[in-house]
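Right, one structure below, let's go through it.
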There are 2 protein chains.
Amino acid sequence: MTKAPTRIQQRNRAAILSAGLDIFSQYGFRGATLDQIADAAGLSKPNLLYYFPSKEAIHTALLERLLETWLDPLKALDGSGDPVAEIMGYAQRKLAMSRDFPRESRLFANEILQGAPHIEEILKTDLKTLVDEKAAIIQGWADAGKIAAIDPHHLIFSIWAFTQHYADFDVQVRAVLGDKAPHDGALSFLDTLYSKLLRV
Amino acid sequence: MTKAPTRIQQRNRAAILSAGLDIFSQYGFRGATLDQIADAAGLSKPNLLYYFPSKEAIHTALLERLLETWLDPLKALDGSGDPVAEIMGYAQRKLAMSRDFPRESRLFANEILQGAPHIEEILKTDLKTLVDEKAAIIQGWADAGKIAAIDPHHLIFSIWAFTQHYADFDVQVRAVLGDKAPHDGALSFLDTLYSKLLRV
DNA sequence: TTCTGGTTTGACCAACTGGTCAAAATAACG
DNA sequence: CGTTATTTTGACCAGTTGGTCAAACCAGAA
């Protein structure tokens with residue numbers, strides 16, 4: 001029976017994971033250092049290694065926590081709901097995640113950019129299965145004439161690409177937009193884009 | 001007067017830049033090592049440093065070479081051409097760059113993900129100016145009723161996001177699609193997406 | 001062939017890397 | 001309070017990092 005974590009453990013583990021998220025999402029696994037993470041977490045390096053046995057362990061913990069929730073918006077796409085509302089809702093949920101969890105988005109982007117060494121298997125199994133399943137639903141809607149005929153896989157890619165862009169390329173978006181908040185404009189653009197695309 | 005480079009210089013500089021592109025685009029600046037780059041270029045590390053004075057110098061040379069051509073597709077967007085054809089042509093050129101220069105796309109993505117430390121000023125000046133200028137053209141077309149009324153900045157973001165996705169997230173795209181070639185499907189999806197969006 | 005300038009290398013260095021460990025400091029609890 | 005379990009730390013280590021340098025090597029012109 002594993003012991004319940006003390007208050008100190010809870011606080012420090014959370015601080016480490018948050019610091020690790022900051023650093024890994026910016027520099028990638030190889031580019032991040034334990035000193036940076038320890039510093040950001042307000043701990044000494046040996047103290048940090050008291051809570052996680054290795055750099056890899058912190059990274060793995062972060063990726064696992066991320067994967068638990070990363071696919072939730074797509075899982076929620078309901079084949080028995082209204083087609084246009086379901087797809088638009090999915091896109092909106094993804095955009096909201098970009099706004100609310102940009103570090104998680106960048107952690108994921110870094111992992112993929114580096115060739116997905118830690119999660120390639122999950123992509124080929126869990127992710128592919130989920131996407132294929134939802135793509136079949138969308139294809140069904142298209143075949144039934146409820147939405148326009150479009151390739152469902154690329155539709156999903158376009159939603160990923162567009163929504164994650166606002167988290168992953170944040171500094172570029174802000175550089176171009178000046179200091180106008182990007183997300184309001186993005187949301188209404190997204191609404192226009194997909195309602196026009198899906199209309200039969 | 002600077003001397004003309006010898007054949008050996010040409011060959012080795014090119015090999016180093018290509019190797020650097022491979023490594024930097026995968027691991028980012030901090031995550032890449034000179035040993036990796038030297039290895040990929042088929043040179044010893046001191047030999048590599050005979051051609052470039054530092055790691056930073058290789059990276060800078062790559063970024064400069066990239067920026068020279070990266071914005072060409074957008075620059076080619078012509079205010080006196082046919083609105084829909086111009087915008088679709090731009091999107092198609094960008095998608096072709098993703099197919100033909102994926103390493104360059106990932107180098108850029110890594111730089112932005114890390115907060116654009118080397119090019120933030122360029123983004124805020126050159127890039128912003130260019131985008132604002134082209135956005136004004138697109139806004140003009142919309143005001144004249146030649147295309148649908150959409151936010152031109154977010155239109156451009158959506159083109160960047162969608163096209164670069166196929167280079168930057170290549171392993172994810174392939175994992176989901178199996179081994180079907182992604183680009184044909186992407187191209188026709190892109191055509192459908194933007195022709196529907198722009199139609200008045 | 002010799003001379004010359006460009007090219008390559010092995011040995012080396014200081015700083016940094018991920019990680020260890022025993023000892024010290026602190027919290028928890030009766 | 002005293003005892004015990006948890007937490008924190010300084011000193012340390014071996015391997016890696018970006019980078020230097022003098023010496024050796026080599027291609028080609030005279």
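In this text, all values refer to a predicted model and were calculated from it rather than measured experimentally. Residue numbering restarts at 1 for every chain, and letters A, B, ... go by the order of the sequence lines.
- Outside the 6.0 Å centre-distance limit, the rings of F189(B) and F157(A) are not counted as a close aromatic pair.
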* **Nucleotide-resolved protein contact map, nucleotides 13-30 of chain C, B/S/- at heavy-atom distance under 4.0 Å** => ----SBBBB------S--

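- Rounding to whole angstrom units, CD1 of residue I16(B) and C1' of dG19(D) are separated by 15 Å.
- What separates CD of Q10(A) from C1' of dT6(D) is a distance of 15 Å, to the nearest Å.
- With K128(A) as reference, D132(A) is the one residue of D126(A), T125(A), D132(A) to meet the side chain to side chain donor-acceptor pair (under 3.5 Å) rule.
- Remark: P of dG6(C) and CZ of R11(B) are 17 Å apart, rounded to the nearest angstrom.
- The side chain of Q9(A) places no N or O atom within less than 4.0 Å of a non-bridging phosphate oxygen (OP1 or OP2) of dT6(D).
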* To do: Give the C-alpha distance, both sets of side-chain angles, the deciding distance and a yes or no for side-chain hydrogen bond (donor to acceptor under 3.5 Å, both in side chains) between Y166(B) and S105(B).
  => CA-CA 10 Å; Y166(B) 289 89; S105(B) 184; over 6 Å; no

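- Note on Y51(A): only backbone sugar-phosphate atoms sit closer than 4.0 angstrom, heavy atoms only; bases stay farther off.
- Dashed line: the shortest gap from a side-chain N or O of N12(A) to OP1 or OP2 of dT8(D) is under 4.0 Å.
- Side chain of K55(A) to main chain of T33(A): no donor-acceptor pair is present (N/O by atom type, distance under 3.5 Å, no hydrogens or angles).
- Rounded to a whole Å, the CG atom of D39(B) is 14 Å from the P atom of dT16(D).
- Rounded to an integer number of Å, the gap from N47(B) CG to dT9(C) P is 5 Å.
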* **Check against side-chain contact (heavy atoms from CB on, under 4.5 Å), D191(B) and Q92(B)** => CA-CA 8 Å; D191(B) 280 349; Q92(B) 287 161 5; 2.8 Å; yes

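- Distances shown here put every side-chain N or O of Y50(B) at or beyond 4.0 Å from the OP1 or OP2 atom of dT8(C).
- The ring of F162(A) has its center no closer than 6.0 angstrom to the ring center of F162(B).
- Side-chain proximity of S44(B) to the nucleotides dG6(C), dT8(D), dT9(C) is greatest for dT9(C).
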